[in-house]
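Working notes, structure below.
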Amino acid sequence: MKESEHSKLSTLRIGVLLPEVLGTYGDGGNAVVLAKRAELRGIKAEVVQVGVTEKIPETLDIYTLGGGEDVAQTIASRRLRTDRGLYQAVQKRVPVLAICAAFQVLGEWYTDSQGNQTEGAGLLNVVTLPQGARAIGELVTTAAGLPLEPQLTESLTGFENHGGATLLGAEARPLGFVQAGVGNGRPGVAPELEAGISSEAGVHDDREISTEIPSGYRAEEDGKPFEGAVQGSIIATYMHGPCLARNPQLADLLLARALGITVPELPEMEEIPGVARLREERLAAAKRVD
């Protein structure tokens, strides 16, 4: 599709779902990045905030969801199970970006920090159990050898802060393999504090945490730990930052999917000053996995 054809499109509508409960870590910035990268290409874009009490429209062009704490997750999970708007959009393969708590909430079920198991939205074939401590620090992954490798040729970078270990079922594939940080983690296995994880991670109390991986789920492949998940039109990750501010290739992939074109077909744009330097600094700050 040529640039002139893009200019004739109606406004690209980018949703931020449930920002009151899934907006703790500034992940709403992902929608701002998408809108800006669209506008720099001559594509009109609008960020649409969809609150907890509002009906979720199935007519948006991209959906974004962010991080939140235990109580907020419970509210979000209940909301997404009862309102079928996002489900209908996913059935139509509308692109979705889910960050951290939203990654867990979109799964089949997750276990909170108190050991309570909560039913998720069931849009991702993943489950989440407690780790032995919070993973806090820089996270770097590669998509090499994975379905999105052709579009994501650069390492992905973000900041992780989570206490859950998310395991992938057969229908989900990882977004990346971990190069630095923890990523999806393993149940009952405390992240190594000396491996780039903050000393503030805070090991769980004396409550026994199982290290068992449920049948049919996995945390790694050929010894390479997973990060995130890709299933249908959903891309999920533990990367804050905001994620898309650090990873323009991922932002452009979501834009291209929303427009029904390939990434090379996106109109050219002038690169945003500072993005390359931000990536360089954050990649250098990460401690690599051996």
Side-chain angles (χ1 to χ4, degrees), residues 25 67-74 76-77 98-141 146 158-231 234-240 287 289-290:
Y25 300 106
E69 305 303 328
D70 283 352
V71 174
Q73 276 187 281
T74 301
S77 179
I99 307 293
C100 197
F103 178 11
Q104 300 178 8
V105 165
L106 292 191
E108 296 169 3
W109 53 263
Y110 63 90
T111 306
D112 66 21
S113 60
Q114 303 304 312
N116 302 311
Q117 185 172 304
T118 301
E119 182 182 359
L123 293 173
L124 286 172
N125 185 204
V126 307
V127 297
T128 301
L129 295 92
Q131 294 185 120
R134 293 190 72 82
I136 304 176
E138 292 295 321
L139 176 60
V140 180
T141 68
L146 292 169
F159 188 87
E160 62 181 334
N161 181 1
H162 60 97
T166 299
L167 306 170
L168 275 55
E171 297 176 45
R173 292 287 287 156
L175 173 61
F177 293 122
V178 175
Q179 294 179 305
V182 174
N184 291 358
R186 297 179 67 92
V189 179
E192 296 291 336
L193 298 183
E194 65 270 21
I197 305 305
S198 168
S199 60
E200 303 299 319
V203 176
H204 284 295
D205 55 27
D206 294 334
R207 175 170 51 87
E208 183 176 349
I209 300 174
S210 175
T211 60
E212 181 180 357
I213 294 179
S215 177
Y217 294 90
R218 61 209 195 283
E220 60 182 36
E221 183 177 290
D222 298 328
K224 296 180 289 188
F226 293 161
E227 200 292 311
V230 177
Q231 183 176 333
I234 301 174
I235 294 176
T237 177
Y238 275 113
M239 292 185 179
H240 300 290
K287 295 184 179 181
V289 174
D290 293 332

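This is a predicted model, so every value here is computed, not measured.
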(request) Apply side-chain contact (heavy atoms from CB on, under 4.5 Å) to Arg186 and Leu167, showing your working. (result) CA-CA 8 Å; Arg186 297 179 67 92; Leu167 306 170; 5.8 Å; no
(message) Walk me through whether Glu160 and Val182 qualify under side-chain contact (heavy atoms from CB on, under 4.5 Å).
(response) CA-CA 8 Å; Glu160 62 181 334; Val182 174; 3.5 Å; yes
(message) Given 3.5 Å as the limit, does a donor-acceptor pair link the side chain of Gln231 with the main chain of Asn125, or not?
(response)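 Yes; judged by distance alone, with no hydrogens or angles, the pair exists.
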(request) Indicate yes or no for a side-chain donor-acceptor contact from Glu69 to the backbone of Val71 under 3.5 Å, with no hydrogens or angles considered. (result)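 Such a contact is absent between Glu69 side chain and Val71 backbone.
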Which heavy atom of [X] sits nearest to which heavy atom of [Y], and what is that distance?
X	Y	value
Pro130	Asp112	CG-O, 4.2 Å
Pro174	Leu168	N-CD2, 3.4 Å
Ala236	Leu124	CB-CD1, 3.9 Å
Gly185	Ala165	C-CB, 3.8 Å
Gly183	Val178	CA-CG2, 3.9 Å
Gln104	Tyr110	O-CD2, 4.0 Å

Distance in Å, [X] [atom1] paired with [Y] [atom2], rounded so as to fall on 0.5 Å steps:
X	Y	atom1	atom2	result
Glu220	Asn184	CD	CG	11.5 Å
Gln179	Glu138	CD	CD	13.5 Å
Ile234	Phe103	CD1	CZ	10.5 Å

A side-chain contact here means heavy atoms from C-beta on lying under 4.5 Å apart; do [X] and [Y] qualify?
X	Y	result
Phe159	Asn161	yes
Ile213	Arg218	no
Val127	Tyr217	yes
Ser77	Thr118	yes

(request) Measure from the ring center of His162 to the ring center of Tyr238 and say whether it is less than 6.0 Å. (result)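 Judged by ring-centre distance (under 6.0 Å), His162 and Tyr238 do meet the cut-off.
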(message) Pair Phe226, Val126 - check side-chain contact (heavy atoms from CB on, under 4.5 Å), show working.
(response) CA-CA 12 Å; Phe226 293 161; Val126 307; over 6 Å; no
(message) Quick one, Thr111 with Thr128, criterion side-chain contact (heavy atoms from CB on, under 4.5 Å). Give me CA distance, side-chain angles, the key distance, then yes/no.
(response) CA-CA 6 Å; Thr111 306; Thr128 301; over 6 Å; no
(request) Would you please test Tyr25 and His240 for ring pair (Phe, Tyr, Trp, His ring centres under 6.0 Å) and show each step? (result) CA-CA 7 Å; Tyr25 300 106; His240 300 290; 4.7 Å; yes
(message) Can you pull out every salt bridge (Lys or Arg N to Asp or Glu O under 4.0 Å) where at least one residue sits in residues 171-183? Sequence neighbours excluded, please.
(response)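 Residue pairs with at least one partner in residues 171-183: Arg173-Glu221.
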(message) Is there a side chain to side chain donor-acceptor pair (under 3.5 Å) between Glu227 and Thr237? Walk through the geometry before answering.
(response) CA-CA 7 Å; Glu227 200 292 311; Thr237 177; 2.9 Å; yes
